[in-house]
Undergrad: 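Input: one structure, supplied below.
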Amino acid sequence: MTSDVKLSYVAAEKATSQESDVECTTIIEETTEGVLHNDRTKLKQGLKSRHIKMLTIVGVFGTGLFLSSGGTLRRAGPVGLLLAYLLVGIVVGCNQIAIAEVASFMPATGATIRHSEQFIDEAVGFTFGWISTYSSLMPGELSAATVIMSYWTDLSPAIWITVFGILFVLTNIYTIKFYGEIEYFFGWLKIILIFILIITGLVIDLGGAHKERLGFHYWRDPGPFADYLVGGNIGKFVGFWSALSSVVYSYSGVQGIAVLAGETKNSRHAIFYGAKDVFVRIIVLYLLSVFVLTLIVPYNDPLLANSTGNARSSPFVIAMEGAGIKVLPHIVNALTLTSAWSAGNLAIIEGSRDLFCLATKKQAPQIFLTTSKRGIPWVGILFIAMFLPLAYMACSESSATVFSWFQELVSSNTLLRWILISANHIHMDRALKAQGYSRSDLPYSVSYAPFAAWFSGIMSVIFLLTGGFYNFLHGHFSIESFFTRYFIIPLAICLFTFWKLFKKTRYLRPTEVDLASIFEDIKENPENVEKSDPLWRKLPFNHSSKKENTTGDAH
């Protein structure tokens with residue numbers, strides 16, 4: 001069926017386009033080389049399934065949970081905080097189901113960028129590619145690392161910016177396997193930190209730290225919701241909704257694993273399960289951590305209002321110090337530092353692979369296709385590293401303030417990424433139906449993925465448009481906040497319009513999407529995955545996903 005569809009696709013292009021000769025030549029060239037030609041020839045597949053699964057942990061649990069959750073608790077209250085994490089967590093889980101299907105179908109470096117131009121419009125891929133690169137240029141986690149260090153020392157932030165900036169580059173420049181092993185180690189440290197926070201929080205709540213038993217006391221006094229900006233029920237809703245942007249930042253690294261699809265062994269299998277399993281991890285670990293947090297710190301604690309950006313203002317540390325626990329705050333700060341380091345590594349990884357992806361389609365200088373003998377796109381890494389000195393702004397202003405600016409910028413970019421991930425899935429699904437394929441032809445699929453894509457896309461649009469709503473309340477307008485919340489929208493419009501006019505690209509109808517070359521790649525690059533499912537996957541209520549056989553046929 002694949003060859004017939006390919007021939008019918010080329011024939012349709014001849015009949016429907018005045019530029020058919022040029023377009024058909026492009027299709028034939030891509031099919032001859034393979035839709036993932038540069039990924040397979042220039043990069044090294046050094047990451048394994050265990051690396052990808054741990055990278056989901058690294059991406060989800062970052063400084064947002066450890067540092068920013070205190071300010072979010074102060075604005076939303078305990079129940080408001082928990083609901084915000086639950087709502088965004090559901091959106092993220094649905095979004096990951098969407099990218100799991102698309103990225104396992106087309107495991108391209110750059111993921112969302114390549115998917116956007118493959119299924120929607122080349123101008124969309126160009127737009128998001130450069131916006132994603134711009135996001136990687138914002139050294140928010142480098143700024144966060146210097147703030148975290150201030151818990152132990154009063155040395156100039158410039159020293160730590162230099163030290164960690166060099167470490168970020170060294171972690172990324174050797175081999176992708178070296179990067180994967182470091183992140184694998186950091187991932188285990190994060191898991192340890194999460195369990196430390198959960199267990200310690202429960203001990204404090206149950207009165208095991210020589211204090212009275214708290215139970216749900218702080219849910220009753222000062223109350224389940226906090227008033228924010230205005231009073232009454234409206235103020236409580238405003239507090240909850242304003243917390244969503246901070247929560248989005250906390251989840252901002254979750255989609256990063258698909259960017260490395262081209263450097264992963266058995267990438268279709270590894271990316272699918274790595275992305276799909278994020279939802280379970282969010283429910284089990286993230287929400288449990290936030291739930292425990294709401295039990296041990298009141299939202300009106302004055303220490304939450306005096307944010308330092310380091311462990312002193314972490315709500316977990318505030319609870320520990322209040323209970324007389326002396327050593328754990330230092331451990332929490334140290335492990336939080338590894339989170340900032342890990343997130344900084346991910347930004348360089350994403351930025352350099354985005355540039356590689358753009359160069360593949362001649363939307364960036366071809367020099368970014370240059371790789372080392374070990375398969376590392378070192379030119380892109382050095383280009384992204386050139387912007388790390390932006391973090392030196394922390395030397396002249398409050399570190400926490402600079403960190404919050406970067407946080408808001410990244411939140412907006414994250415939401416745009418989630419929107420496009422959903423759009424890519426929706427357009428892929430439409431193309432499959434229009435060209436006579438069924439969802440069972442995909443190498444891996446989830447029955448509710450079409451609904452998940454629509455739900456996550458709509459909710460992400462709502463989050464993006466309302467992220468800076470408080471700027472429209474009387475007396476609360478801030479040019480800095482308004483800019484960081486909404487700058488992404490005019491930037492996207494300008495980039496899209498530029499490439500649309502410059503290259504005269506066209507929106508792809510479902511029948512025009514090139515699915516044939518992707519199915520051809522699946523056939524020519526089979527994955528032989530050993531069956532090593534854990535016991536819980538064998539339970540009757542679990543979804544049984546398909547695997548590719550050794551001949552490469554998708555079934």
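Values below: every heavy atom of this structure, side chains too, minus hydrogens, waters and symmetry copies.
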Undergrad: Quick check against the 3.5 Å criterion: does Y437 have a side-chain atom that pairs as donor or acceptor with the backbone of L442?
TA: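 Absent.
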Undergrad: Test your reading of the model: is there a side-chain donor-acceptor pair from S136 to the backbone of G351, 3.5 Å cut-off?
TA: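 Pair found, side chain donor or acceptor close to backbone of G351.
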Undergrad: Does the S342 side chain pair with the main chain of T338, one donor and one acceptor, at a distance under 3.5 Å?
TA: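 Checking the backbone N and O of T338 against the side chain of S342, no donor-acceptor pair under 3.5 Å is found.
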Undergrad: Evaluate the ring planes of F178 and Y174, with Trp represented by its six-membered ring, and classify them as parallel (under 30°), tilted (30 to 60°) or perpendicular (over 60°).
TA: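 It falls in the perpendicular class, over 60°.
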Undergrad: Can a donor-acceptor pair be found, under 3.5 Å and without considering hydrogens, that links the side chain of H51 to the backbone of L47?
TA: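 Not at all, since once roles are kept as given, no pair shorter than 3.5 Å links the two residues.
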Undergrad: Would you list the pairs meeting side chain to side chain donor-acceptor pair (under 3.5 Å) in which at least one residue belongs to residues 364-375, sequence neighbours left out?
TA: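 Residue pairs passing side chain to side chain donor-acceptor pair (under 3.5 Å), neighbours aside: none found.
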Undergrad: Does Q435 reach the main-chain N or O of P510 with its side chain, forming a donor-acceptor pair under 3.5 Å?
TA: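 Pair found, side chain donor or acceptor close to backbone of P510.
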Undergrad: Any side-chain donor-acceptor pair under 3.5 Å between E101 and H425?
TA: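 Side chains of E101 and H425: pair found under 3.5 Å.
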Undergrad: Side chains of T414 and Y251: does their closest heavy-atom pair fall under 4.5 Å?
TA: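 No - every pair of side-chain heavy atoms lies 4.5 Å or more apart.
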Undergrad: Just so I know, are the side chains of V91 and F463 near enough to count as touching, which here means a heavy-atom distance under 4.5 Å?
TA: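 Answer yes - side chains close enough.
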Undergrad: State plainly whether the residues D521 and R268 are in salt-bridge range, i.e. N to O under 4.0 Å.
TA: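 Yes, D521 and R268 are salt-bridged.
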Undergrad: For F502 and F498, take the angle between the two ring planes, folded into 0 to 90°, and tell me which bin it lands in: parallel under 30, tilted 30 to 60, perpendicular over 60.
TA: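 Geometry flag for F498 against F502: parallel rings.
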Undergrad: Is the W341 ring parallel, tilted or perpendicular to the F164 ring (thresholds 30°, 60°)?
TA: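 W341 vs F164 ring planes: perpendicular.
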Undergrad: Kindly indicate whether the side chain of T171, heavy atoms from C-beta on, has any atom under 4.5 Å from the side chain of I348.
TA: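 No - every pair of side-chain heavy atoms lies 4.5 Å or more apart.
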Undergrad: Closer than 3.5 angstrom, by distance alone: can the side chain of Q96 be matched with the main-chain N or O of G93 as a donor-acceptor pair?
TA: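 Checked: no pair found.
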Undergrad: Assess, by modelled atom type and distance only, whether the side chains of T466 and W241 contain a donor and an acceptor separated by less than 3.5 Å.
TA: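 Side-chain D/A pair, T466 to W241: present.
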Undergrad: With side chains defined as the heavy atoms from C-beta onward, is the minimum distance between I376 and Y179 less than 4.5 Å?
TA: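 I376 does not reach Y179 side chain to side chain.
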Undergrad: Should Y507 and H427 be marked as a ring-ring contact (aromatic ring centres under 6.0 Å, His included) after you check the CA-CA gap, both sets of side-chain angles, and the distance that decides it?
TA: CA-CA 11 Å; Y507 173 77; H427 283 78; 5.6 Å; yes
Undergrad: Is the shortest side-chain N to carboxylate O distance from K523 to E520 below 4.0 Å?
TA: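 Not counted as a salt bridge, because no side-chain N and carboxylate O are separated by less than 4.0 Å.
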Undergrad: With distance as the sole criterion, is a donor-acceptor pair present between the side chains of S132 and R417 under 3.5 Å?
TA: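 Short answer, yes.
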Undergrad: Do F487 and F482 make the cut of ring centroids closer than 6.0 angstrom?
TA: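 No - the distance between ring centres of F487 and F482 does not fall below the 6.0 Å cut-off.
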Undergrad: Checking the side chain of N266 only, and the main-chain atoms of E527 only, is there a donor and an acceptor separated by less than 3.5 Å?
TA: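 No, the answer is negative, given that no donor and acceptor are paired below the 3.5 Å cut-off.
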Undergrad: Tell me, do V124 and W499 make a side-chain contact under 4.5 Å, heavy atoms counted?
TA: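 The answer is no; the side chains never approach within 4.5 Å.
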Undergrad: Is the shortest side-chain N to carboxylate O distance from R506 to E122 below 4.0 Å?
TA: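 Salt bridge: no.
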Undergrad: For residues F496 and F126, establish whether the separation of their ring centroids is below 6.0 Å.
TA: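 For F496 and F126, the ring centres are not under 6.0 Å apart.
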Undergrad: Drop me the distance from L358's CG to F368's CZ, to the nearest 0.5 angstrom.
TA: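 L358 CG to F368 CZ: 9.5 Å, rounded to 0.5 Å.
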Undergrad: Ignoring hydrogens and geometry, is there a side-chain-to-backbone donor-acceptor pair from S422 to A453 under 3.5 Å?
TA: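 A pair under 3.5 Å: yes.
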Undergrad: Of the options L464, V88, N413, which is the one that meets W418 in a side chain to side chain contact (heavy atoms under 4.5 Å, CB included)?
TA: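 Among L464, V88, N413, the one that satisfies the side chain to side chain contact (heavy atoms under 4.5 Å, CB included) with W418 is V88.
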Undergrad: By salt bridge (Lys or Arg N to Asp or Glu O under 4.0 Å), which residues pair with D429, not counting sequence neighbours?
TA: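 Once residues adjacent in sequence are excluded, the partners of D429 under the salt bridge (Lys or Arg N to Asp or Glu O under 4.0 Å) criterion are K433, R439.
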Undergrad: Has I367 got more than 12 heavy atoms of other residues, nucleotides or ligands less than 6.0 Å from its CD1?
TA: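 Open.
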Undergrad: Do Y444 and F105 have ring centroids that are under 6.0 Å from one another?
TA: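 No, too far apart.
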Undergrad: Donor-acceptor pair, D121 side chain versus E117 backbone, under 3.5 Å?
TA: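 Such a contact is absent between D121 side chain and E117 backbone.
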Undergrad: With no hydrogens and no angle check, is any side-chain donor or acceptor of S135 less than 3.5 Å from a backbone partner on I131?
TA: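 Looks like no, no N/O pair under 3.5 Å.
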Undergrad: Has K177 got more than 12 heavy atoms of other residues, nucleotides or ligands less than 6.0 Å from its NZ?
TA: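 Incorrect, the count does not exceed 12.
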Undergrad: Roughly how far, to the nearest 0.5 Å, is the CG atom of L508 from the CG atom of D514?
TA: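 It comes to 9.5 Å.
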Undergrad: Under a 4.0 Å threshold between the charged nitrogen and the carboxylate oxygen, would R50 count as salt-bridged to E181?
TA: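 Looking at R50 together with E181, the answer is yes, because their closest N to O distance falls below 4.0 Å.
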Undergrad: Under 4.0 Å between a side-chain nitrogen and a carboxylate oxygen: does that hold for E350 and R353?
TA: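 So E350 does not pair with R353 through a salt bridge.
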Undergrad: When you compare the side chains of T112 and N424, does any donor N or O come within less than 3.5 Å of an acceptor on the partner?
TA: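 Looking only at side-chain atoms, N424 and T112 do not form any donor-acceptor pair under 3.5 Å.
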Undergrad: Under the rule for ring-ring contact (aromatic ring centres under 6.0 Å, His included), what residues qualify as partners of F185, not counting sequence neighbours?
TA: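 ring-ring contact (aromatic ring centres under 6.0 Å, His included) list for F185, sorted by chain: empty.
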